[in-house]
2 protein chains.
Amino acid sequence: MNVRMLCLGFLTFGDSTGYEIKKAFQERLSLLYNAGYGSIYPSLNKLHEDGLVMLREEAQNNRPDKKVYSITPEGRACFETYVQRTPGEDHFRSEALTTLMFSHLLPKEHVSDVLDLIIATYQEKIHLLSEDCDMKPTPSEKFLCGFGVKVREAAIDYINQNRHMLESCAQENSKKQTDGVE
Amino acid sequence: MNVRMLCLGFLTFGDSTGYEIKKAFQERLSLLYNAGYGSIYPSLNKLHEDGLVMLREEAQNNRPDKKVYSITPEGRACFETYVQRTPGEDHFRSEALTTLMFSHLLPKEHVSDVLDLIIATYQEKIHLLSEDCDMKPTPSEKFLCGFGVKVREAAIDYINQNRHMLESCAQENSKKQTDGVE
DNA sequence: ACCGTTATATATCAGTCCGATATATCCTTG
DNA sequence: CAAGGATATATCGGACTGATATATAACGGT
(Lines give C-alpha, C1' and ligand atoms only; values in the text may rest on other atoms or scores of the structure.)
Protein backbone atom coordinates (compact mmCIF):
# COMPACT_ATOMS: atom_id res chain seq x y z
CA MET A 1 0.00 0.00 0.00
CA ASN A 2 1.91 3.02 -1.19
CA VAL A 3 1.01 6.68 -1.39
CA ARG A 4 0.01 6.34 -5.03
CA MET A 5 -2.66 3.74 -4.25
CA LEU A 6 -3.90 5.72 -1.26
CA CYS A 7 -4.34 8.84 -3.38
CA LEU A 8 -6.39 6.71 -5.72
CA GLY A 9 -8.33 5.45 -2.72
CA PHE A 10 -9.16 8.94 -1.50
CA LEU A 11 -10.41 9.81 -4.97
CA THR A 12 -13.04 7.05 -4.66
CA PHE A 13 -14.71 9.38 -2.13
CA GLY A 14 -14.91 12.18 -4.69
CA ASP A 15 -12.88 14.63 -6.75
CA SER A 16 -10.04 16.32 -4.99
CA THR A 17 -6.87 18.37 -5.35
CA GLY A 18 -3.41 17.41 -4.13
CA TYR A 19 -3.76 19.91 -1.33
CA GLU A 20 -7.03 18.40 -0.18
CA ILE A 21 -5.60 14.90 -0.34
CA LYS A 22 -2.82 15.99 1.97
CA LYS A 23 -5.47 17.19 4.44
CA ALA A 24 -7.36 13.92 4.08
CA PHE A 25 -4.23 11.98 4.98
CA GLN A 26 -3.78 14.13 8.04
CA GLU A 27 -7.37 14.15 9.23
CA ARG A 28 -8.51 10.68 8.32
CA LEU A 29 -5.49 8.44 8.13
CA SER A 30 -2.68 9.99 10.14
CA LEU A 31 -2.90 7.25 12.78
CA LEU A 32 -1.98 4.66 10.18
CA TYR A 33 -0.25 6.35 7.34
CA ASN A 34 0.95 9.82 6.54
CA ALA A 35 2.18 11.43 3.39
CA GLY A 36 3.64 14.79 2.47
CA TYR A 37 3.46 16.87 -0.70
CA GLY A 38 6.74 15.32 -1.73
CA SER A 39 4.95 12.00 -2.19
CA ILE A 40 1.48 13.16 -3.15
CA TYR A 41 2.18 15.42 -6.12
CA PRO A 42 4.46 12.96 -7.91
CA SER A 43 1.92 10.20 -7.20
CA LEU A 44 -0.89 12.16 -8.82
CA ASN A 45 1.28 12.83 -11.87
CA LYS A 46 2.02 9.14 -12.22
CA LEU A 47 -1.65 8.20 -11.81
CA HIS A 48 -2.51 10.71 -14.53
CA GLU A 49 0.16 9.31 -16.86
CA ASP A 50 -1.24 5.83 -16.30
CA GLY A 51 -4.80 6.94 -17.05
CA LEU A 52 -6.09 6.04 -13.62
CA VAL A 53 -7.20 9.59 -12.87
CA MET A 54 -8.40 12.54 -14.93
CA LEU A 55 -7.37 16.12 -14.45
CA ARG A 56 -9.16 19.41 -14.92
CA GLU A 57 -7.42 22.66 -14.20
CA GLU A 58 -9.38 25.49 -12.64
CA ALA A 59 -7.95 28.98 -13.01
CA GLN A 60 -7.94 31.12 -9.90
CA ASN A 61 -7.20 34.77 -9.20
CA ASN A 62 -3.61 35.27 -8.16
CA ARG A 63 -3.15 31.67 -7.06
CA PRO A 64 -1.72 28.65 -8.77
CA ASP A 65 -4.31 26.92 -10.89
CA LYS A 66 -6.24 24.39 -8.91
CA LYS A 67 -5.72 20.90 -10.32
CA VAL A 68 -8.81 18.85 -9.60
CA TYR A 69 -8.35 15.12 -10.01
CA SER A 70 -11.09 12.55 -10.51
CA ILE A 71 -10.83 8.80 -10.68
CA THR A 72 -11.49 7.01 -13.97
CA PRO A 73 -13.32 3.68 -14.31
CA GLU A 74 -9.93 2.01 -14.85
CA GLY A 75 -8.63 3.69 -11.70
CA ARG A 76 -11.59 2.49 -9.69
CA ALA A 77 -11.20 -1.06 -10.97
CA CYS A 78 -7.47 -0.94 -10.23
CA PHE A 79 -8.04 0.22 -6.67
CA GLU A 80 -10.79 -2.27 -5.95
CA THR A 81 -8.57 -5.11 -7.07
CA TYR A 82 -5.64 -3.74 -5.13
CA VAL A 83 -7.53 -3.27 -1.88
CA GLN A 84 -8.68 -6.89 -1.91
CA ARG A 85 -5.14 -8.25 -1.80
CA THR A 86 -3.89 -9.77 1.44
CA PRO A 87 -2.36 -6.85 3.31
CA GLY A 88 1.27 -6.85 4.44
CA GLU A 89 2.54 -6.69 8.01
CA ASP A 90 2.28 -3.75 10.38
CA HIS A 91 5.26 -1.59 11.13
CA PHE A 92 5.88 0.28 14.33
CA ARG A 93 8.81 2.60 14.83
CA SER A 94 9.58 4.44 18.02
CA GLU A 95 12.59 6.62 18.42
CA ALA A 96 11.91 7.05 22.13
CA LEU A 97 11.76 3.33 22.89
CA THR A 98 14.74 2.71 20.65
CA THR A 99 16.67 5.22 22.74
CA LEU A 100 15.83 3.17 25.80
CA MET A 101 17.61 0.15 24.35
CA PHE A 102 20.77 2.06 25.25
CA SER A 103 19.82 2.72 28.88
CA HIS A 104 23.23 1.46 29.96
CA LEU A 105 24.77 4.58 28.37
CA LEU A 106 22.25 7.04 29.73
CA PRO A 107 22.00 8.90 33.02
CA LYS A 108 19.07 7.67 35.08
CA GLU A 109 17.40 11.06 34.87
CA HIS A 110 17.32 10.97 31.13
CA VAL A 111 15.72 7.54 31.06
CA SER A 112 12.98 8.79 33.38
CA ASP A 113 12.53 11.92 31.29
CA VAL A 114 12.13 9.89 28.11
CA LEU A 115 9.57 7.60 29.76
CA ASP A 116 7.64 10.62 31.06
CA LEU A 117 7.75 12.15 27.61
CA ILE A 118 6.35 9.02 26.00
CA ILE A 119 3.51 8.92 28.51
CA ALA A 120 2.75 12.61 28.10
CA THR A 121 2.75 12.33 24.31
CA TYR A 122 0.45 9.31 24.37
CA GLN A 123 -1.86 11.00 26.85
CA GLU A 124 -2.17 14.07 24.69
CA LYS A 125 -2.90 11.94 21.65
CA ILE A 126 -5.57 10.05 23.62
CA HIS A 127 -7.12 13.36 24.59
CA LEU A 128 -7.23 14.60 21.00
CA LEU A 129 -8.59 11.31 19.69
CA SER A 130 -11.31 11.09 22.35
CA GLU A 131 -12.58 14.54 21.41
CA ASP A 132 -12.51 13.76 17.70
CA CYS A 133 -13.99 10.30 17.88
CA ASP A 134 -17.66 11.27 18.02
CA MET A 135 -17.32 13.73 15.17
CA LYS A 136 -15.80 11.26 12.75
CA PRO A 137 -18.14 10.84 9.78
CA THR A 138 -17.64 7.14 8.98
CA PRO A 139 -17.76 4.03 11.16
CA SER A 140 -14.30 3.11 9.83
CA GLU A 141 -12.84 6.29 11.23
CA LYS A 142 -14.61 5.88 14.56
CA PHE A 143 -13.23 2.37 14.79
CA LEU A 144 -9.74 3.53 14.07
CA CYS A 145 -9.98 6.39 16.51
CA GLY A 146 -10.99 4.03 19.30
CA PHE A 147 -8.18 1.73 18.32
CA GLY A 148 -5.66 4.53 18.73
CA VAL A 149 -7.01 5.32 22.19
CA LYS A 150 -7.10 1.75 23.49
CA VAL A 151 -3.64 0.82 22.32
CA ARG A 152 -2.08 3.92 23.85
CA GLU A 153 -3.89 3.37 27.13
CA ALA A 154 -2.46 -0.13 27.28
CA ALA A 155 1.00 1.23 26.49
CA ILE A 156 0.82 3.79 29.30
CA ASP A 157 -0.32 1.13 31.78
CA TYR A 158 2.53 -1.12 30.79
CA ILE A 159 5.15 1.61 31.05
CA ASN A 160 3.95 2.69 34.49
CA GLN A 161 4.03 -0.86 35.76
CA ASN A 162 7.43 -1.77 34.32
CA ARG A 163 9.51 1.37 34.03
CA HIS A 164 11.66 0.35 37.01
CA MET A 165 13.20 -2.34 34.78
CA LEU A 166 14.79 0.37 32.68
CA GLU A 167 15.42 2.92 35.38
CA SER A 168 17.36 0.47 37.51
CA CYS A 169 19.91 -0.34 34.80
CA ALA A 170 20.66 3.25 33.82
CA GLN A 171 23.79 5.00 35.02
CA GLU A 172 23.54 6.29 38.58
CA ASN A 173 25.97 9.14 38.14
CA SER A 174 24.08 11.89 36.46
CA LYS A 175 26.81 14.51 36.45
CA LYS A 176 29.43 14.09 33.83
CA GLN A 177 31.67 16.91 34.99
CA THR A 178 33.63 17.67 38.18
CA ASP A 179 32.23 14.69 40.03
CA GLY A 180 35.32 12.74 39.09
CA VAL A 181 35.09 9.51 41.06
CA GLU A 182 36.22 7.51 38.06
CA MET B 1 17.44 8.05 14.77
CA ASN B 2 18.63 6.60 11.52
CA VAL B 3 20.30 3.34 10.63
CA ARG B 4 23.74 4.94 10.75
CA MET B 5 23.33 5.99 14.38
CA LEU B 6 21.88 2.62 15.32
CA CYS B 7 24.83 0.80 13.79
CA LEU B 8 27.03 3.01 15.93
CA GLY B 9 24.85 2.16 18.91
CA PHE B 10 25.21 -1.58 18.39
CA LEU B 11 28.97 -1.15 18.22
CA THR B 12 28.91 0.25 21.80
CA PHE B 13 28.12 -3.35 22.83
CA GLY B 14 31.28 -4.64 21.14
CA ASP B 15 33.00 -5.15 17.80
CA SER B 16 30.85 -6.50 15.03
CA THR B 17 30.51 -7.12 11.30
CA GLY B 18 27.76 -5.80 9.04
CA TYR B 19 26.28 -9.25 8.92
CA GLU B 20 26.14 -9.49 12.71
CA ILE B 21 24.62 -6.02 12.98
CA LYS B 22 21.86 -7.15 10.65
CA LYS B 23 21.18 -10.07 13.01
CA ALA B 24 21.24 -7.72 16.01
CA PHE B 25 18.58 -5.54 14.38
CA GLN B 26 16.44 -8.58 13.79
CA GLU B 27 16.86 -10.21 17.18
CA ARG B 28 17.03 -7.23 19.49
CA LEU B 29 15.28 -4.33 17.83
CA SER B 30 12.90 -5.67 15.22
CA LEU B 31 9.87 -4.59 17.27
CA LEU B 32 10.95 -0.97 16.96
CA TYR B 33 13.21 -0.66 14.02
CA ASN B 34 14.49 -2.85 11.25
CA ALA B 35 17.20 -2.43 8.71
CA GLY B 36 18.44 -4.40 5.72
CA TYR B 37 21.87 -4.76 4.19
CA GLY B 38 20.98 -2.01 1.78
CA SER B 39 21.06 0.44 4.68
CA ILE B 40 23.65 -1.18 6.93
CA TYR B 41 26.64 -1.55 4.62
CA PRO B 42 26.50 2.01 3.28
CA SER B 43 26.04 3.26 6.86
CA LEU B 44 29.17 1.48 8.01
CA ASN B 45 31.13 2.93 5.10
CA LYS B 46 29.96 6.41 6.00
CA LEU B 47 30.83 5.93 9.67
CA HIS B 48 34.27 4.76 8.64
CA GLU B 49 34.78 7.78 6.39
CA ASP B 50 33.78 10.03 9.27
CA GLY B 51 36.21 8.35 11.65
CA LEU B 52 33.48 7.19 14.02
CA VAL B 53 34.38 3.52 13.59
CA MET B 54 37.56 1.61 12.82
CA LEU B 55 37.85 -1.33 10.51
CA ARG B 56 40.02 -4.43 10.50
CA GLU B 57 39.70 -6.98 7.75
CA GLU B 58 40.03 -10.64 8.62
CA ALA B 59 40.88 -12.96 5.78
CA GLN B 60 38.85 -16.16 5.57
CA ASN B 61 39.11 -19.31 3.50
CA ASN B 62 36.93 -19.12 0.42
CA ARG B 63 34.69 -16.43 1.83
CA PRO B 64 34.60 -12.68 1.50
CA ASP B 65 36.96 -11.08 4.01
CA LYS B 66 35.22 -10.40 7.27
CA LYS B 67 35.15 -6.69 8.01
CA VAL B 68 35.11 -6.22 11.74
CA TYR B 69 34.11 -2.75 12.88
CA SER B 70 34.87 -1.19 16.26
CA ILE B 71 33.74 2.13 17.62
CA THR B 72 36.29 4.89 18.15
CA PRO B 73 36.30 7.30 21.12
CA GLU B 74 34.87 9.99 18.80
CA GLY B 75 32.16 7.55 17.72
CA ARG B 76 31.27 6.76 21.30
CA ALA B 77 31.11 10.45 22.20
CA CYS B 78 28.98 11.15 19.12
CA PHE B 79 26.51 8.40 19.97
CA GLU B 80 26.24 9.36 23.64
CA THR B 81 25.44 12.93 22.70
CA TYR B 82 22.99 11.80 20.06
CA VAL B 83 21.12 9.38 22.28
CA GLN B 84 20.49 12.08 24.88
CA ARG B 85 18.54 14.27 22.46
CA THR B 86 14.79 14.51 22.89
CA PRO B 87 13.45 11.67 20.76
CA GLY B 88 10.98 12.27 17.93
CA GLU B 89 7.45 10.93 17.68
CA ASP B 90 6.42 7.33 17.19
CA HIS B 91 5.22 6.08 13.84
CA PHE B 92 2.80 3.27 13.27
CA ARG B 93 1.89 2.01 9.85
CA SER B 94 -0.63 -0.72 9.17
CA GLU B 95 -1.54 -1.82 5.71
CA ALA B 96 -4.31 -4.05 7.04
CA LEU B 97 -6.06 -1.32 9.02
CA THR B 98 -5.55 1.12 6.17
CA THR B 99 -7.37 -1.32 3.91
CA LEU B 100 -10.29 -1.21 6.31
CA MET B 101 -10.70 2.52 5.75
CA PHE B 102 -12.16 1.47 2.43
CA SER B 103 -14.67 -0.99 3.84
CA HIS B 104 -17.40 0.62 1.74
CA LEU B 105 -15.71 -0.81 -1.36
CA LEU B 106 -15.10 -4.26 0.05
CA PRO B 107 -17.27 -7.36 0.25
CA LYS B 108 -18.21 -8.13 3.84
CA GLU B 109 -16.31 -11.40 3.72
CA HIS B 110 -13.07 -9.69 2.89
CA VAL B 111 -13.42 -7.25 5.79
CA SER B 112 -13.91 -10.18 8.16
CA ASP B 113 -10.97 -12.01 6.63
CA VAL B 114 -8.69 -9.02 7.09
CA LEU B 115 -9.76 -8.61 10.70
CA ASP B 116 -9.18 -12.31 11.35
CA LEU B 117 -5.78 -12.03 9.72
CA ILE B 118 -4.79 -9.09 11.92
CA ILE B 119 -5.82 -10.99 15.03
CA ALA B 120 -4.03 -14.15 13.93
CA THR B 121 -0.86 -12.23 13.10
CA TYR B 122 -0.88 -10.42 16.43
CA GLN B 123 -1.55 -13.65 18.30
CA GLU B 124 1.38 -15.36 16.64
CA LYS B 125 3.63 -12.44 17.46
CA ILE B 126 2.46 -12.54 21.08
CA HIS B 127 3.27 -16.25 21.18
CA LEU B 128 6.79 -15.72 19.84
CA LEU B 129 7.46 -12.78 22.13
CA SER B 130 6.22 -14.62 25.22
CA GLU B 131 8.59 -17.47 24.53
CA ASP B 132 11.53 -15.16 23.91
CA CYS B 133 10.92 -12.78 26.75
CA ASP B 134 12.58 -14.79 29.52
CA MET B 135 15.64 -15.49 27.41
CA LYS B 136 16.36 -11.87 26.60
CA PRO B 137 19.73 -10.91 28.07
CA THR B 138 19.09 -7.29 29.07
CA PRO B 139 16.29 -5.66 31.10
CA SER B 140 15.75 -3.25 28.21
CA GLU B 141 14.94 -6.09 25.89
CA LYS B 142 12.66 -7.78 28.43
CA PHE B 143 10.84 -4.49 28.86
CA LEU B 144 10.39 -4.09 25.16
CA CYS B 145 9.26 -7.67 24.71
CA GLY B 146 6.56 -7.22 27.33
CA PHE B 147 5.53 -3.97 25.69
CA GLY B 148 5.02 -5.74 22.38
CA VAL B 149 2.84 -8.36 24.07
CA LYS B 150 0.66 -5.97 26.06
CA VAL B 151 -0.04 -3.61 23.21
CA ARG B 152 -1.04 -6.41 20.86
CA GLU B 153 -3.28 -7.97 23.49
CA ALA B 154 -5.08 -4.66 23.87
CA ALA B 155 -5.40 -4.38 20.10
CA ILE B 156 -6.95 -7.84 19.81
CA ASP B 157 -9.44 -7.08 22.60
CA TYR B 158 -10.46 -3.86 20.90
CA ILE B 159 -10.90 -5.47 17.51
CA ASN B 160 -13.03 -8.29 18.92
CA GLN B 161 -15.26 -5.84 20.74
CA ASN B 162 -15.70 -3.39 17.87
CA ARG B 163 -15.34 -5.27 14.62
CA HIS B 164 -19.07 -5.09 13.96
CA MET B 165 -18.63 -1.37 13.27
CA LEU B 166 -16.64 -2.23 10.16
CA GLU B 167 -18.44 -5.39 9.17
CA SER B 168 -21.81 -3.68 9.11
CA CYS B 169 -20.78 -1.04 6.60
CA ALA B 170 -19.15 -3.39 4.12
CA GLN B 171 -20.91 -4.46 0.94
CA GLU B 172 -23.44 -7.24 1.44
CA ASN B 173 -23.12 -8.74 -2.01
CA SER B 174 -20.05 -10.90 -1.94
CA LYS B 175 -20.23 -12.40 -5.41
CA LYS B 176 -19.07 -10.18 -8.22
CA GLN B 177 -19.84 -12.62 -11.02
CA THR B 178 -22.97 -14.27 -12.38
CA ASP B 179 -25.11 -13.00 -9.54
CA GLY B 180 -26.12 -10.06 -11.69
CA VAL B 181 -28.74 -8.24 -9.64
CA GLU B 182 -27.25 -4.88 -10.51
C1' DA C 1 -1.80 50.53 10.11
C1' DC C 2 1.36 46.96 10.40
C1' DC C 3 3.05 42.46 11.39
C1' DG C 4 2.99 37.69 12.13
C1' DT C 5 0.62 33.49 11.43
C1' DT C 6 -2.30 30.43 9.18
C1' DA C 7 -4.52 28.80 5.04
C1' DT C 8 -4.63 28.04 0.08
C1' DA C 9 -2.01 25.83 -3.74
C1' DT C 10 1.68 24.21 -6.40
C1' DA C 11 6.34 21.80 -6.93
C1' DT C 12 11.23 20.01 -6.33
C1' DC C 13 15.32 17.99 -4.07
C1' DA C 14 18.73 15.79 -1.08
C1' DG C 15 19.05 12.37 2.03
C1' DT C 16 17.39 8.10 3.48
C1' DC C 17 15.28 3.68 3.53
C1' DC C 18 13.37 -0.90 1.69
C1' DG C 19 13.36 -5.02 -0.98
C1' DA C 20 15.30 -7.44 -4.47
C1' DT C 21 19.22 -9.09 -6.57
C1' DA C 22 24.08 -10.79 -7.24
C1' DT C 23 28.13 -13.58 -5.84
C1' DA C 24 30.43 -17.37 -3.49
C1' DT C 25 31.02 -21.20 -0.29
C1' DC C 26 30.05 -24.29 3.51
C1' DC C 27 27.00 -27.09 6.30
C1' DT C 28 22.95 -29.61 7.37
C1' DT C 29 18.87 -32.29 6.32
C1' DG C 30 16.17 -35.38 3.74
C1' DC D 1 23.51 -35.80 -3.76
C1' DA D 2 20.44 -32.13 -4.23
C1' DA D 3 18.00 -28.48 -1.78
C1' DG D 4 18.01 -25.16 1.35
C1' DG D 5 19.90 -22.37 4.97
C1' DA D 6 23.83 -19.91 7.09
C1' DT D 7 27.92 -16.98 6.45
C1' DA D 8 29.53 -12.70 4.25
C1' DT D 9 29.90 -9.04 1.14
C1' DA D 10 27.74 -5.30 -1.93
C1' DT D 11 24.67 -2.57 -5.23
C1' DC D 12 20.49 -0.60 -7.32
C1' DG D 13 15.88 1.13 -8.41
C1' DG D 14 11.91 2.74 -6.47
C1' DA D 15 9.78 5.00 -2.70
C1' DC D 16 9.26 8.13 1.21
C1' DT D 17 10.43 12.19 4.47
C1' DG D 18 11.27 16.75 5.56
C1' DA D 19 12.85 20.93 4.09
C1' DT D 20 12.58 24.43 0.94
C1' DA D 21 10.68 27.68 -2.68
C1' DT D 22 6.97 30.59 -4.61
C1' DA D 23 2.63 33.51 -4.26
C1' DT D 24 -1.27 35.51 -2.15
C1' DA D 25 -5.38 36.07 0.92
C1' DA D 26 -7.39 36.40 5.31
C1' DC D 27 -7.40 37.08 10.15
C1' DG D 28 -6.12 38.51 14.67
C1' DG D 29 -3.34 41.14 17.75
C1' DT D 30 -0.80 45.55 19.20
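To find a chain, count down the sequence lines: A is the first, B the second, and so on, and within it residues start at 1. The shown structure was predicted, so the numbers you read here are calculated from the model rather than taken from an experiment.
Overall bending of the helix from C/dA1-D/dT30 to C/dG30-D/dC1, expressed as the angle between end axes built from five pairs apiece, is 50° (10° steps).
DNA chain C lies under 4.0 Å from no heavy atom of any residue of residues 45-56 of chain B. Within residues 26-42 of chain A, the residues that have a heavy atom under 4.0 Å from DNA chain C are, in order of number, A/Tyr37, A/Gly38, A/Tyr41. Within residues 1-23 of chain A, the residues having any heavy atom under 4.0 Å from DNA chain C are, by residue number, A/Thr17, A/Gly18, A/Tyr19, A/Lys23.
For A/His104, the side-chain contact (heavy atoms from CB on, under 4.5 Å) partners two or more places apart in sequence, or in a different chain, are A/Phe102, B/Thr12, B/Phe13.
Remark: B/Arg85 is positioned above the aromatic ring of B/Tyr82, its terminal NZ or CZ atom under 6.0 angstrom from the ring centre and at most 45 degrees off the axis.
The number of heavy-atom neighbours closer than 6.0 Å to NE2 of A/His127, taken from other residues, nucleotides and ligands shown, is 12 or below. Counting heavy-atom neighbours within 6.0 Å of A/Glu74 CD, excluding the residue itself, gives a total above 12.
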What verdict does the side chain to side chain donor-acceptor pair (under 3.5 Å) test give for A/Thr138 and A/Glu141, after you've listed the backbone C-alpha separation in whole Å, the side-chain angles of each residue and the deciding distance to 0.1 Å?
CA-CA 5 Å; A/Thr138 66; A/Glu141 285 171 71; 3.0 Å; yes
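Note on A/Arg93: a side-chain N or O is less than 4.0 Å away from OP1 or OP2 of C/dC18.
Considering every non-hydrogen atom in both A/Gly148 and A/Leu31, the closest pair reads CA-CD1, 4.4 Å. The two residues B/Ile126 and B/Ile156 make their nearest non-hydrogen contact at CD1-CD1, 3.9 Å. The two residues B/Pro87 and A/Thr99 come nearest to each other via the heavy atoms CB-OG1, 4.2 Å.
Between B/Arg56 and B/Asp15 there is a salt bridge, since at least one side-chain N of the basic residue sits less than 4.0 Å from a carboxylate O of the acidic one.
A/Tyr33 and A/Phe25 have tilted rings, their planes meeting at an angle from 30° to 60° on a 0 to 90° scale. A/Phe143 and B/Tyr158 have tilted rings, their planes meeting at an angle from 30° to 60° on a 0 to 90° scale.
Sorted by first and then second residue, the pairs that involve residues 149-163 of chain A and meet salt bridge (charged side-chain N to carboxylate O under 4.0 Å, His left out), not counting sequence neighbours, are A/Asp116-A/Arg163, A/Arg163-A/Glu167.
At distances below 3.5 Å, not a single donor-acceptor pair connects side-chain atoms of A/Glu58 with backbone N or O atoms of A/Lys66.
For B/Glu58 and D/dT7, the CD to C1' distance is 14 Å, given to the nearest whole Å. Across the protein-nucleic acid pair, B/Leu44 atom CG and C/dC17 atom P stand 12 Å apart, rounded to whole Å. Atom-to-atom, NE2 of A/His91 to P of D/dA15 comes out at 16 Å; the value is rounded to the nearest Å.
Of the listed nucleotides (D/dC16, C/dT10, D/dA8), C/dT10 has the atom at the smallest distance from the side chain of A/Lys67.
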